[in-house]
Amino acid sequence: MRLINSAADRLLSAVLPKARAGACVPEHGDSWPSYCRCQNHRVFTKRCTVQCLGNVTCGSCTNSGIHC
């Protein structure tokens with residue numbers, strides 16, 4: 001049985017790609033609206049999100065419908 005298990009492990013490692021294990025920051029997935037500008041008496045905001053490694057990405061600015 002041990003021989004079959006080791007052969008199966010070798011076969012799988014030859015076929016499947018190697019993956020790195022890792023952990024995300026605790027804030028991963030948190031998001032919030034962020035101010036962009038006031039234009040035509042409307043506030044424009046963008047949504048920012050914390051990525052797995054802690055970097056923050058933001059979408060494009062959109063009209064929030066809030067007067068400024």
Side-chain angles (χ1 to χ4, degrees):
M1 193 63 161
R2 291 172 80 192
L3 181 61
I4 293 171
N5 285 342
S6 66
D9 287 344
R10 282 194 303 268
L11 180 61
L12 282 175
S13 66
V15 175
L16 296 176
K18 302 246 187 280
R20 288 184 154 176
C24 292
V25 296
E27 300 81 13
H28 173 244
D30 287 354
S31 64
W32 61 93
S34 180
Y35 177 82
C36 288
R37 65 185 178 274
C38 176
Q39 180 180 345
N40 297 329
H41 305 289
R42 298 285 185 202
V43 174
F44 281 71
T45 60
K46 58 186 172 185
R47 178 140 308 268
C48 297
T49 305
V50 177
Q51 301 300 312
C52 190
L53 297 177
N55 53 322
V56 175
T57 59
C58 297
S60 58
C61 295
T62 59
N63 184 344
S64 68
I66 300 171
H67 291 276
C68 57

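Since the structure is predicted, the reported quantities are computational estimates derived from the model, not experimental observations. The figures here come from the full heavy-atom set of this structure, side chains too, leaving out hydrogens, waters and symmetry mates. Note that the numbering runs from 1 along the sequence shown for the chain.
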Trainee: So, taking the atom named NE2 in His67 and the one named SG in Cys38, what distance separates them when rounded to the nearest 0.5 Å?
Mentor: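 That separation rounds to 10.5 Å.
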Trainee: Closest approach of Ser31 and Arg47, non-hydrogen atoms and distance?
Mentor: OG-NH1, 3.4 Å
Trainee: Give, for atom OG1 of Thr57 and atom NZ of Lys46, the distance between the pair rounded to the nearest 0.5 Å.
Mentor: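 Atom-to-atom, Thr57:OG1 and Lys46:NZ are 10.5 Å apart.
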Trainee: Of the non-hydrogen atoms in Arg42 and Asn63, which two are nearest, and what is the gap between them?
Mentor: CB-OD1, 3.7 Å
Trainee: Over all heavy atoms of both residues, which pair between Gly54 and Val50 is shortest? Give the atoms and the distance, please.
Mentor: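 That would be CA-CG1, 4.1 Å.
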Trainee: For atom CG of Asn40, is the number of surrounding heavy atoms from other residues, nucleotides or ligands below 6.0 Å larger than 12?
Mentor: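 It does not: Asn40 CG has 12 such atoms or fewer within range.
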Trainee: Could you see if Phe44 belongs to whatever hydrophobic cluster contains Ile66? Use Ile, Leu, Val, Met, Phe, Trp, Tyr and a side-chain cutoff under 4.5 Å.
Mentor: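 Phe44 and Ile66: separate clusters.
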Trainee: Mind checking the SG-NE2 spacing from Cys68 to His41? Nearest 0.5 Å is all I need.
Mentor: 8.0 Å
Trainee: Are any of the side-chain heavy atoms of Trp32 and Thr45 separated by less than 4.5 Å?
Mentor: no
Trainee: For Cys61 versus Arg37, what's the shortest heavy-atom pair and its separation?
Mentor: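 Shortest heavy-atom contact: CB-NH1, 3.6 Å.
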